[in-house]
Amino acid sequence: MHIAAKNKILNTNELFHWYDKNARDLPWRVSPSNRKSGIQPDPYRVWLSEIMLQQTTVATVKDYYQRFLQKWPTLDALANGSLDDVLKMWAGLGYYSRARNLHACAQQVHADFGGILPNSAADLQKLTGIGPYASAAIAAICFDEKIAVVDGNVERVMARLLALDLPISKAKPQIRLAVQKALGGNQIKRSGDFAQGMMDLGATICTPKRPRCNICPLAKDCRAFASENPEKYPVKLPKKTRPNKFGNAYIVWDKNGAIFLQKRADKGLLAQMSEVPNSEWTDRIQPPDFPFAGQWKSAGTIAHIFTHLKLELTVYVLGETAKHSQLQNAGLTGWWVIPKNLAGEALPTLFKKVIAKAGAK
DNA sequence: AACCCGGGGAC
DNA sequence: GTCCCAGGGTT
């Protein structure tokens with residue numbers, strides 16, 4: 001019986017050989033050669049990077065990661081920081097629940113585990129913001145736990161290796177089992193490098209468009225490569241239409257040249273971030289409903305695309321300086337920020353666009 | 001299982 | 001313009 005050959009999913013020796021030569025050089029990563037010499041990754045840094053990298057490209061994350069590490073070099077430092085500061089540092093990166101969960105997780109680990117992250121995927125996944133992927137990734141990369149690490153890259157690589165005719169959402173269990181089998185059947189000790197190798201392969205060779213099959217170390221075992229069109233895997237589902245929404249935003253300056261900001265709601269889109277006063281977002285253009293009477297002037301519109309909607313805001317600027325009492329009387333509570341301090345605020349990109357449209361005073 | 005939740009790089 | 005990125009939480 002040739003069970004080993006029959007069960008073979010992919011050639012791990014080929015993958016390791018490729019990874020040893022082609023591993024991406026990333027700020028949070030220990031290189032394969034250093035890893036072999038016994039250097040271990042800092043779980044705090046790996047965790048921080050994994051959270052930032054969720055649905056976010058490496059290129060976008062790098063600067064945010066460095067700034068976070070500079071400000072909070074350890075998990076305990078992050079736990080002792082304020083949520084407000086974390087949101088300010090996260091502003092512009094998107095998916096802000098990650099920032100709130102990151103801070104909550106740091107405080108959990110600080111309080112319950114002395115600032116030391118658990119060393120198993122099972123325990124890691126109990127923590128806020130650490131799900132099936134991140135728990136497996138941290139456990140594999142930091143502690144070489146033999147566990148399947150399945151992200152979007154690995155899903156695509158496996159869908160092609162196996163020529164899966166199911167959309168990813170339906171094929172996840174099969175993919176997880178296949179990765180687990182690839183790990184288990186080959187006495188893999190380098191679980192972390194296996195995971196990172198698979199992800200690097202997906203990011204640089206087995207790309208969504210125009211995969212570079214001609215230089216792929218796994219092409220020999222790839223059923224998609226053997227087919228006429230590898231790019232058709234994984235099977236794509238029809239995309240949903242993105243509705244258009246419209247609203248108005250209101251820019252107010254005081255006599256000191258400071259702009260009025262307020263805090264968004266605790267839940268929902270851009271929760272707990274900062275904003276300028278703005279209207280409801282509706283499916284039709286609406287006339288402005290100014291917070292109070294004054295010489296309002298239109299500064300034009302800005303467009304912003306979210307995952308599930310396209311938003312167009314008309315920006316109105318008050319033509320004269322406002323008194324703080326006018327905002328208070330309008331039922332608005334917030335604070336005033338001079339332009340040079342705006343960069344330090346927890347402003348999502350949407351409202352940075354709005355303020356830029358109004359022009360600095 | 002389906003939906004909500006941002007922003008940007010690459011094409 | 002489209003695609004999709006080292007996903008998790010909620011319902």
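Quick note on labels: first sequence line is chain A, next is B, and so on, each numbered from 1.
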Exercise for the section: Taking only the side-chain nitrogens and oxygens of Y96(A), find out if one of them lies under 4.0 Å from OP1 or OP2 of dG7(B). Expected result: yes
Exercise for the section: Would you indicate what L270(A) reaches in the nucleic acid, counting non-hydrogen atoms under 4.0 angstrom: base, sugar-phosphate, or nothing? Expected result: sugar-phosphate
Exercise for the section: Record whether the side chain of T60(A) comes under 3.5 Å of the base of dG7(B) through a donor-acceptor pair of N or O atoms. Expected result: no
Exercise for the section: State which of dA6(C), dG8(C), dG7(B) makes the closest approach to the side chain of P348(A). Expected result: dG7(B)
Handout entry: Side-chain H-bond candidate by donor/acceptor type, Q108(A) with T128(A), under 3.5 Å
Key = yes
Completion exercise
L269(A) atom CG is separated from dG6(B) atom C1', nearest whole Å, by 8 Å
Practice task
Using a strict cut-off of less than 4.0 Å between a Lys/Arg side-chain nitrogen and an Asp/Glu carboxylate oxygen, indicate whether K36(A) and D20(A) qualify as a salt bridge.
Solution key: yes
Practice task
Go through dG8(B), dC3(C), dC5(B) for me and flag the one nearest to the T349(A) side chain.
Solution key: dG8(B)
Fill in the blank from the handout: Closest to the side chain of K209(A), out of dA6(C), dG7(B), dC3(C), is dC3(C)
Problem - Phosphate OP1/OP2 of dC3(B) contacted by H308(A) side-chain N/O (<4.0 Å) - result: no
Handout entry: Test item: side-chain donor near acceptor, E50(A) and Y133(A), under 3.5 Å
Key = yes
Exercise for the section: Please state whether the phosphate of dG6(B), meaning OP1 or OP2, lies under 4.0 angstrom from any side-chain nitrogen or oxygen of R98(A). Expected result: no
Handout entry: Donor-acceptor pair (no angle test) under 3.5 Å: R210(A) side chain, dA10(B) base
Key = no
Problem - M158(A) CE - dA6(C) P separation (whole Å) - result: 17 Å
Practice task
Taking atom CG of N229(A) as the centre, report whether more than 12 heavy atoms of other residues, nucleotides or ligands fall under 6.0 Å from it.
Solution key: yes
Problem - Side chain of A134(A) - closest among dA6(C), dG8(C), dC5(B) - result: dG8(C)
Problem - Pair K126(A)-D112(A), salt bridge (charged side-chain N to carboxylate O under 4.0 Å, His left out): steps then yes or no - result: CA-CA 12 Å; K126(A) 296 173 186 170; D112(A) 298 345; over 6 Å; no
Handout entry: Phosphate OP1/OP2 of dG1(C) contacted by K310(A) side-chain N/O (<4.0 Å)
Key = yes
Problem - Closest to the T57(A) side chain, choosing from dG9(B), dT2(C), dG9(C) - result: dG9(B)
Exercise for the section: Using a 4.0 Å heavy-atom cut-off across all strands, classify L26(A) as base, sugar-phosphate, or nothing. Expected result: base
Exercise for the section: Taking the six-membered ring of Y64(A) (Phe, Tyr or Trp), confirm whether the NZ or CZ of R67(A) is under 6.0 Å from its centre and within 45° of its axis. Expected result: yes
Fill in the blank from the handout: When rounded to the nearest 0.5 Å, the distance separating CG of L26(A) from OG of S49(A) is 8.5 Å
Handout entry: Atom C1', compared across dC4(C) and dC5(B): separation rounded to whole Å
Key = 15 Å
Practice task
Quickly work out the L237(A) CG to dC4(C) C1' distance and round it to whole Å.
Solution key: 14 Å
Exercise for the section: Looking only at side-chain atoms of K240(A), point me to the closest of dC3(B), dC5(B), dA6(C). Expected result: dC3(B)
Problem - Atom-to-atom span, OH of Y95(A) to P of dC3(B) - whole angstrom - result: 14 Å
Practice task
Grab the CG-C1' distance between L309(A) and dG7(B) for me, whole Å please.
Solution key: 13 Å
Practice task
Please evaluate the base of dG7(C) for a donor-acceptor partner in the side chain of Y133(A) within a cut-off of under 3.5 Å?
Solution key: no
Exercise for the section: Determine whether the side chains of R29(A) and Q196(A) contain a donor N or O and an acceptor N or O closer than 3.5 Å. Expected result: yes
Exercise for the section: Can you tell me the distance, in whole Å, between the OH atom of Y65(A) and the C1' atom of dA6(C)? Expected result: 14 Å
Fill in the blank from the handout: With the side chain defined as heavy atoms from C-beta on, Q55(A) is closest, among dG9(C), dC4(C), dG7(C), to dG7(C)
Handout entry: Separation of the P atoms in dG8(B) and dG8(C), to the nearest angstrom
Key = 22 Å
Exercise for the section: Under 4.0 Å between any heavy atoms, over every strand shown, what does G202(A) touch: base, sugar-phosphate, or nothing? Just pick one. Expected result: nothing
Exercise for the section: Choose from dG7(B), dA6(C), dC5(C) the nucleotide whose nearest atom is closest to any side-chain atom of P208(A). Expected result: dC5(C)
Exercise for the section: Respond yes when some side-chain nitrogen or oxygen of H304(A) is under 4.0 Å from OP1 or OP2 of dG6(B), and no when none is. Expected result: no
Exercise for the section: Name the nucleic acid region contacted by W47(A), choosing base, sugar-phosphate or nothing; use a 4.0 angstrom heavy-atom cut-off, strictly under. Expected result: nothing
Problem - First of K267(A) and T56(A) reached from the 5' end of DNA chain C, by closest nucleotide - result: T56(A)
Practice task
Figure out the CZ/P separation between R156(A) and dC4(C), and round it to whole Å.
Solution key: 8 Å
Practice task
Remember a base hit wins even if backbone is also touched, and classify R24(A) as base, sugar-phosphate or nothing at under 4.0 Å, heavy atoms.
Solution key: base
Fill in the blank from the handout: By nearest-nucleotide position on DNA chain B, the 5'-leaning member of F306(A) and K170(A) is K170(A)
Problem - Nearest-Å distance for atom pair CD/C1', residues E231(A) and dT2(C) - result: 13 Å
Practice task
With heavy atoms under 4.0 Å as the rule, sort S169(A) into base, sugar-phosphate or nothing.
Solution key: nothing
Fill in the blank from the handout: Heavy-atom nearest nucleotide on DNA chain C taken for S49(A) and for Q125(A); more 5' hit belongs to S49(A)
Problem - C1' spacing across the pair dC3(C) / dG6(B), given as an integer number of angstrom - result: 15 Å
